[in-house]
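Numbered from 1 within each chain, the chains take letters A, B, ... in sequence-line order.
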2 protein chains.
Amino acid sequence: MAEKTTIYDVAEHAGISIATVSRFLNSPDKVASKTRKKIEEAMSKLSFVPLAEAVARARSGIRRIGVLTPFFTAPSFVQRLRGIHEALADTHYDLITYAVDTYEQLKSYLSVLPVTGRIDGLIIMSLPFTENDVERFRQYHLPVVSLEFGRPAYSSIEIDNILGGRMAAQYLIQKGYAKLAFIGEGGQPAYSLHATEQRLEGFKSGIIQQGAQLLEDHILFHEYGMKYAVECAKKLLKPSERPRAVFCASDSQAIGVLKAAKMLKLRVPEDVAVLGFDDIDTADYMDLSTIRQSLDHSGHLAAIKLLEHMSNPLAPSAKVHLSLQIVERHTT
Amino acid sequence: MAEKTTIYDVAEHAGISIATVSRFLNSPDKVASKTRKKIEEAMSKLSFVPLAEAVARARSGIRRIGVLTPFFTAPSFVQRLRGIHEALADTHYDLITYAVDTYEQLKSYLSVLPVTGRIDGLIIMSLPFTENDVERFRQYHLPVVSLEFGRPAYSSIEIDNILGGRMAAQYLIQKGYAKLAFIGEGGQPAYSLHATEQRLEGFKSGIIQQGAQLLEDHILFHEYGMKYAVECAKKLLKPSERPRAVFCASDSQAIGVLKAAKMLKLRVPEDVAVLGFDDIDTADYMDLSTIRQSLDHSGHLAAIKLLEHMSNPLAPSAKVHLSLQIVERHTT
DNA sequence: AGGTTTTATGAAAGCACTTACATTGAGAAA
DNA sequence: TTTCTCAATGTAAGTGCTTTCATAAAACCT
């Protein structure tokens, strides 16, 4: 059996110390290019492959962070992912994305990930988990930070959806719109996360407070997807009893409304005003007024917090509440 | 770092030495049953899992695929990623994304990833690499499939950008537009990938063939980003010598042109027609005519091909050329 | 040139375990 | 009782790699 080549062999062959070889493996930019060349040469000559087990042992960790995310299709998830990536860019952590499609999958990941040792830390994005899961995370010492959903006494980055709804109401009413409507996503119960409902709740309460109108007929839910959004919006905008302004629980939906309005030859905001939620990249392109929850930033924060938990298991868990911000563009 | 319990903890808890614990793990019959009991007790109480075992399990059951992608901000990357994820969904592969920001980073990943054994297969997305890199991949037996960029005799999923450009020209001319313009992304040389240039080349050749007009002033490049796109489009659309139709090397840019047109109160397509490239999700929302390269599908294909290479190292490498398709909506 | 900061490197101390070797104390044989 | 085994356990030296710290060399600054 061929004797394993180790970094010692490589080091000897290249006439340098093992430390430098190791450094080359982990952060090549810290090694002079001249040395780098020598190492590369030696490694390829000896066809060296580091022993994963030894690496893991020496690092006492696998250096991987997992992200549990709804099967990414919604832009908002991508933006958060971007924030996470950014925060991890100059650490030595690899990012593994676990895209969740069904409730079963979610359950399975939640129970398996802590045990298998595939990751050193986990970010749960916009997905619900139970106190049981938390218990398991604790037992296996898996640090977890969640986004857009939280558990008591467990770190998370959240926004105040109720407040967001209220802000929307206040803003629209103040702009002079009295007959309001709401469009949200129904669909998958597992993912709903109350976020939509909370936004609606806040919206309602704001409306009551300020004395405007939100007819039952003007509260609509539809499945995730542009088609549905457009369809739904058409239904909303057609009748004579048309709302003056529509608040959507997400930008994607707002874009659907925009499209429907165009098809019905309605001017925005002259005939209907549209307000979204999220401020995804596209919102800017489309001049959509919306409520910004700093998506990139929230991902970033989650990653930072997770790193803290990982480097210091005693770090107190904390909930971060991101502030929301009305972004006025040309649809309101 | 997940504070793993070690055999030291177990040993301490059981009041014996680590060697005995280790022995218990490896050959339990060498340990007195009384001691054995104590160890078992301590282990279960501390929910101890030997690191090496965890590593081994993590490595044997689950393999890893890396994706090298431009720091993802462009929707087209995300869609391809989605396709990859989808293809991997019911396999036992974890997906690790490496977001590349600079040329140095790219170089570093390309040279280090094959060596470190962190991944079992690699997908390179829209990023250039050299024959040298290919050599290295071979040497370290790392299966690689690339997207939107290829190497001779190496598996990749590509599209014919020149043809795409030609299609654009043909289509626009046939629609009756004679004065044409082109907008592409300049910016980072590392990422450009010729794609833009090739599309322009094809566009030009198509125009020559059919005898239409493409003034030098009507060929513009700008940096990546919506701001730049809009700015650039404004410049293009302002003067009296305005083009009748604009072909953009990407949908994002086309959206920028749409926005600029709106700001300048130009009707689309009555005053200017706009044709994009990619057919990203948003294109549909915006009713943008475009040339579709099935992004999701290409990611999917790449993943499938990679899996094939991984399970059978002798599988012949192959280039897949995806076909392009004009999607006519309402901007042309 | 002189001093200071930066960068590249090596020495050596871990990491979580394994294992060869040493030690201990019982029981068996003398 | 003394000696000899031998099973049960501990000690400590590896394992291949990472990482901290110190140092030497190079790059910057007046």
Side-chain angles (χ1 to χ4, degrees), chain A residues 1-40 42-43 46-64 90-94 116-118 120 140-141 307 310-313, chain B residues 1-40 42-43 46-59 104 108 112 115-118:
Chain A
M1 181 171 68
E3 266 175 31
K4 272 216 171 304
T5 49
T6 72
I7 56 170
Y8 289 88
D9 305 322
V10 175
E12 192 182 343
H13 200 96
I16 51 167
S17 86
I18 58 158
T20 306
V21 178
S22 173
R23 243 178 316 249
F24 168 83
L25 254 20
N26 297 294
S27 28
D29 44 310
K30 304 237 162 195
V31 177
S33 61
K34 207 180 63 187
T35 317
R36 208 145 55 196
K37 208 144 257 165
K38 279 195 290 183
I39 297 178
E40 270 171 340
M43 289 209 296
L46 302 171
S47 70
F48 160 83
V49 176
L51 198 54
E53 200 184 305
V55 174
R57 192 191 322 134
R59 297 208 268 239
S60 60
I62 210 80
R63 277 279 167 60
R64 276 186 256 266
D90 35 51
T91 69
H92 283 282
Y93 285 91
D94 280 353
T116 49
R118 287 148 82 177
D120 302 312
Y140 290 97
H141 306 289
L307 289 173
M310 291 189 329
S311 67
N312 173 19
Chain B
M1 215 150 292
E3 190 196 65
K4 294 271 182 226
T5 47
T6 72
I7 56 170
Y8 288 87
D9 303 321
V10 175
E12 191 181 345
H13 200 96
I16 52 167
S17 87
I18 58 158
T20 306
V21 179
S22 174
R23 248 182 307 255
F24 168 83
L25 255 21
N26 297 297
S27 34
D29 45 309
K30 304 242 159 193
V31 177
S33 63
K34 205 180 64 183
T35 319
R36 210 149 51 196
K37 210 147 251 163
K38 280 194 290 183
I39 297 178
E40 270 168 346
M43 290 212 296
L46 301 172
S47 69
F48 161 83
V49 177
L51 209 220
E53 195 180 304
V55 171
R57 190 168 21 177
R59 243 203 107 69
E104 277 65 44
S108 142
V112 165
V115 180
T116 50
R118 287 195 277 181

> Just to be sure I understand the rule, does B:Ala19 reach a base, reach only the sugar-phosphate, or reach nothing, if contact means heavy atoms closer than 4.0 Å?
base
> Rounded to whole angstrom units, what separation is found between the CZ atom of B:Arg36 and the P atom of D:dA7?
14 Å
> Using whole Å, report how far CZ of A:Arg57 lies from P of C:dA13.
18 Å
> Can you tell me which nucleotide in D:dC17, C:dA16, D:dT11 comes closest to the side chain of B:Tyr8?
C:dA16
> Is the shortest side-chain N/O distance from B:Ser17 to OP1 or OP2 of D:dT9 below 4.0 Å?
no
> For C:dA16, take OP1 and OP2 only and decide whether either is under 4.0 Å from a side-chain N or O of B:Thr6.
no
> Within the 4.5 Å heavy-atom criterion, are B:Met43 and B:Leu25 side-chain neighbours or not?
yes
> Quick one: is A:Thr35 getting a side-chain N or O under 4.0 Å of the C:dT9 phosphate, OP1 or OP2?
yes
> Would you classify B:Ala52 as touching base, sugar-phosphate or nothing, given that sugar-phosphate means primed atoms plus P, OP1 and OP2, and contacts are heavy atoms under 4.0 Å?
nothing
> Rounded to whole Å, how long is the line connecting atom CG of B:Asp29 with atom P of D:dT9?
12 Å
> Does A:Thr20 put a side-chain nitrogen or oxygen below 4.0 Å from OP1 or OP2 of C:dT9?
no
> Find the distance A:Glu53:CD to D:dC17:P and express it as a whole number of Å.
11 Å
> With the side chain of A:Ile7 defined as its heavy atoms from C-beta on, choose the nearest nucleotide among C:dT18, C:dA11, D:dT18.
D:dT18
> Between A:Asn26 and A:Arg63, is any side-chain donor less than 3.5 angstrom from a side-chain acceptor?
no
> Could you tell me which non-hydrogen atom of A:His13 sits nearest to which non-hydrogen atom of A:Ala42, and how far apart they are?
CD2-CB, 3.7 Å
> Taking the minimum atom-to-atom distance to the side chain of A:Arg63, which one of D:dT18, D:dC17, C:dC17 wins?
D:dT18
> Compare the minimum distances between each of D:dT18, D:dC17, C:dT19 and the side chain of A:Leu51, then state the nucleotide with the smallest one.
D:dC17
> Nearest whole angstrom, please: distance from the P of C:dA16 to the CD1 of A:Ile62.
13 Å
> What is the separation between atom CG on B:Asn26 and atom P on C:dA16, rounded to the nearest whole Å?
17 Å
> Give B:Phe48 one of three labels, base, sugar-phosphate or nothing, depending on what nucleic acid heavy atoms sit under 4.0 Å from its own.
sugar-phosphate
> Just how far, in rounded Å, is P of D:dT9 from CD1 of B:Ile16?
8 Å
> What's A:Ile18 touching, base or sugar-phosphate or nothing? Going by heavy atoms closer than 4.0 Å.
base
> Identify which nucleotide among D:dC17, C:dC17, D:dA12 has an atom closest to any side-chain atom of B:Pro50, counting heavy atoms from C-beta outward.
C:dC17
> Restricting to non-hydrogen atoms, name the atom on B:Ile39 and the atom on B:Val21 that form the minimum distance, rounded to 0.1 Å.
CD1-CA, 4.1 Å
> Does a side-chain heavy-atom distance below 4.5 Å link A:Glu40 with B:Val115?
no
> The side chain of B:Arg23 is closest to which nucleotide in this list: D:dT20, D:dT9, C:dC17?
D:dT9
> Tell me what A:Val21 touches on the nucleic acid: a base, only sugar-phosphate, or nothing, going by heavy atoms under 4.0 Å.
nothing
> Write down the distance between NZ (A:Lys37) and P (C:dA8), rounded to a whole number of angstrom.
15 Å
> Between A:Ser60 and C:dC15, does any side-chain N or O lie under 4.0 Å from OP1 or OP2?
no
> For A:Arg36 and A:Pro28, indicate whether the former's side chain and the latter's backbone hold a donor-acceptor pair under 3.5 Å.
yes
